[in-house]
Structures are given as C-alpha cells and as structure tokens.
Amino acid sequence: MSGRHTLMLIKPNAVKNGYAQKIFLEVAEAGFKILAVKKLKLSKEEAEAFYYVHNGKPFFDSLVEFMTSGAIYAAVIEKDNAVADWRKLMGATDPAKAEEGTIRKKYAESMQHNAVHGSDSDENALNEIFFYFSAREIVNAGGKLMQLHEISNK
Ligand code: ADP
Ligand code: MG
C-alpha cells in the first residue's frame with residue numbers, strides 16, 4: 001500500500017504570478033487534505049541540499065538560482081496514493097508535454113519555471129517532508145506521524 005503523504009512546493013514563479021491560492025484550491029478539490037503549509041525563502045545552501053540529486057547536471061546552478069529567487073510555499077498533503085496522484089495532477093516536468101488540465105500545463109512557464117514540485121517516491125516524500133517540517137509542526141497540524149513513518153518501515 002502506498003503512502004498517504006507527499007511534499008508539494010509552489011515555486012517562486014507561480015508565487016510571484018499570484019497563482020498560489022488557485023493551486024491550493026485545485027489540490028483541495030482533487031481530494032487532498034492540506035496538512036501543513038509554510039511560506040519561506042530558500043537560501044542557496046538549502047536549495048543545493050534539497051536538489052542534491054541533480055548536482056552536476058547542466059541545469060543545476062540555474063535551478064538553485066531560480067529556487068532562491070523568491071518566496072515559495074511548502075506543504076504536506078495527504079490522500080491515498082499521494083505521491084502518484086499529486087504527480088498526475090502536477091503534470092509532466094516539461095509543460096509542453098503536460099496533459100490538459102494539469103497544474104503545470106496551466107501555470108508553468110518553462111521546463112525550469114514549472115510552478116510546482118512533487119516528491120517522486122514514498123521514501124523521498126518522507127525525506128522531503130522532514131526537510132521542510134519538523135515532527136512537532138506536523139503533529140501540531142493534526143498529522144499522524146505514524147502514518148508518515150509506516151512507509152519507511154515497510
Ligand atoms: P520533477 O520536478 O518533475 O520531479 P526533476 O526531478 O527531473 O523533475 O527535476 C527537478 C526540477 O529541475 C524540475 O522540476 C525543473 O524545475 C528542473 N529541471 C529538470 N530538468 C530540467 C532541464 N532539462 N532544464 C531546466 N530545468 C530542468
Ligand atoms: Mg523530481
């Protein structure tokens with residue numbers, strides 16, 4: 001059984017363009033519970049750490065620059081099959097290839113400025129959630145930490 005939680009980010013371009021509210025509304029309408037949210041600005045070191053897996057790729061430096069260019073929203077969202085369902089709702093990384101109706105199709109400007117982030121596996125979701133949120137914040141938001149941890153104990 002797949003996990004019920006994933007991490008979503010609303011990237012700086014979408015925040016600057018005023019799309020954050022619309023995106024959260026679409027997430028809620030798709031059946032996700034928005035468990036915990038924060039607005040923050042990443043430092044260079046934080047963005048490099050979050051995107052470490054892409055270190056060395058040609059787009060890494062510009063990705064870090066973009067992700068530190070303005071405020072972002074980070075949110076823990078909850079639903080059965082959260083990782084796959086959020087990736088489906090986001091659409092393909094390249095908005096030119098994203099399906100009609102997806103968030104990236106509607107709000108992305110380019111492959112890099114693609115409006116939103118989503119974790120790509122249950123294991124990464126757990127790591128990414130705890131990159132942005134502490135256990136205390138998740139519990140205070142009404143989150144069930146056991147549900148989050150179950151996926152790492154499979
Ligand atoms: P996703 O966000 O769909 O999981 P990746 O994990 O492959 O996609 O890439 C992380 C982010 O890096 C993308 O969302 C996008 O902002 C940026 N990115 C990926 N590939 C490219 C590329 N070829 N050129 C520019 N930016 C890219
Ligand atoms: Mg990815």
Side-chain angles (χ1 to χ4, degrees), residues 1-42 46-47 49-51 53-54 59 62-135 137-152:
M1 157 104 174
S2 354
R4 281 178 49 78
H5 300 90
T6 192
L7 179 88
M8 69 171 279
L9 299 180
I10 304 183
K11 296 186 178 182
N13 65 317
V15 175
K16 277 188 190 133
N17 290 333
Y19 296 142
Q21 266 183 303
K22 283 183 183 165
I23 292 171
F24 278 126
L25 193 62
E26 290 191 34
V27 168
E29 280 171 352
F32 289 90
K33 181 175 174 191
I34 299 167
L35 200 55
V37 185
K38 62 174 67 167
K39 189 177 188 183
L40 66 136
K41 196 159 180 248
L42 289 173
E46 288 169 338
F50 183 68
Y51 281 114
V53 51
H54 297 297
F59 59 85
S62 66
L63 177 63
V64 168
E65 197 176 318
F66 164 55
M67 289 302 293
T68 57
S69 67
I72 64 169
Y73 284 93
V76 182
I77 57 175
E78 179 182 285
K79 181 184 184 296
D80 284 345
N81 207 27
V83 166
D85 284 3
W86 169 232
R87 288 199 70 90
K88 190 166 173 18
L89 181 61
M90 281 201 303
T93 309
D94 181 355
K97 294 182 186 144
E99 275 180 48
E100 282 303 327
T102 59
I103 288 176
R104 281 169 164 170
K105 182 75 181 185
K106 281 187 263 193
Y107 306 118
E109 292 161 332
S110 66
M111 177 95 161
Q112 181 151 96
H113 297 190
N114 58 2
V116 283
H117 167 87
S119 311
D120 63 6
S121 68
D122 286 341
E123 193 190 352
N124 286 339
L126 191 68
N127 289 330
E128 291 185 358
I129 286 168
F130 284 112
F131 184 90
Y132 289 95
F133 295 89
S134 67
E137 287 171 317
I138 292 168
V139 171
N140 285 345
K144 306 256 186 304
L145 276 185
M146 285 313 292
Q147 282 180 2
L148 274 171
H149 279 294
E150 268 162 24
I151 61 178
S152 60

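- Glu109 and Asn17 are linked by a side-chain donor-acceptor pair at a separation below 3.5 angstrom, with hydrogens and angles left out of the test.
- When side chains are defined from C-beta on, Tyr73 does not count as touching Leu9, because their heavy atoms never get closer than 4.5 Å.
- What you find for Arg104 and Val116 is that their closest heavy atoms are NH2-O, 2.8 Å.
- Contact detail for Ile77 and Ala82: the closest heavy-atom pair is O-CB, 4.4 Å.
- With 3.5 Å as the limit, one finds no donor-acceptor pair spanning the side chains of Tyr51 and Glu46.
- We find that Lys106 and Glu100 are not joined by a salt bridge, their nearest charged nitrogen and carboxylate oxygen being 4.0 Å or further apart.
- With respect to Arg4 and Asp80, a salt bridge is recorded, a charged nitrogen being found less than 4.0 Å from a carboxylate O.
- A distance of 8.5 Å separates NZ of Lys144 from CG of Leu35, quoted to the nearest 0.5 Å.
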side-chain contact (heavy atoms from CB on, under 4.5 Å) between Thr102 and Leu89, worked out: CA-CA 5 Å; Thr102 59; Leu89 181 61; over 6 Å; no
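- Minimum interatomic distance between Lys41 and Thr68 (heavy atoms only, all atoms of both residues): CE-O, 3.4 Å.
- In terms of heavy atoms, Ala125 sits closest to Ser119 at CA-OG, 3.4 Å.
- Residue Lys38 places its NZ atom among more than 12 non-hydrogen atoms of other residues, nucleotides or ligands, all under 6.0 Å distant.
- In this structure the side chain of Tyr19 never reaches within 4.5 angstrom of the side chain of Asn13, judged on heavy atoms.
- A 4.5 Å side-chain heavy-atom check between Ile10 and Phe24 finds at least one atom pair inside the cut-off.
- Across all non-hydrogen atoms, the minimal contact from Glu99 to Lys105 is O-CB, 3.3 Å.
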From CA spacing to verdict: side-chain contact (heavy atoms from CB on, under 4.5 Å), Gln21, Leu25: CA-CA 6 Å; Gln21 266 183 303; Leu25 193 62; over 6 Å; no
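- In Glu137, the CD atom is crowded: over 12 heavy atoms of neighbouring residues, nucleotides or ligands sit closer than 6.0 Å.
- Lys79 and Ala30 get closest at one heavy-atom pair: CE-O, 3.3 Å.
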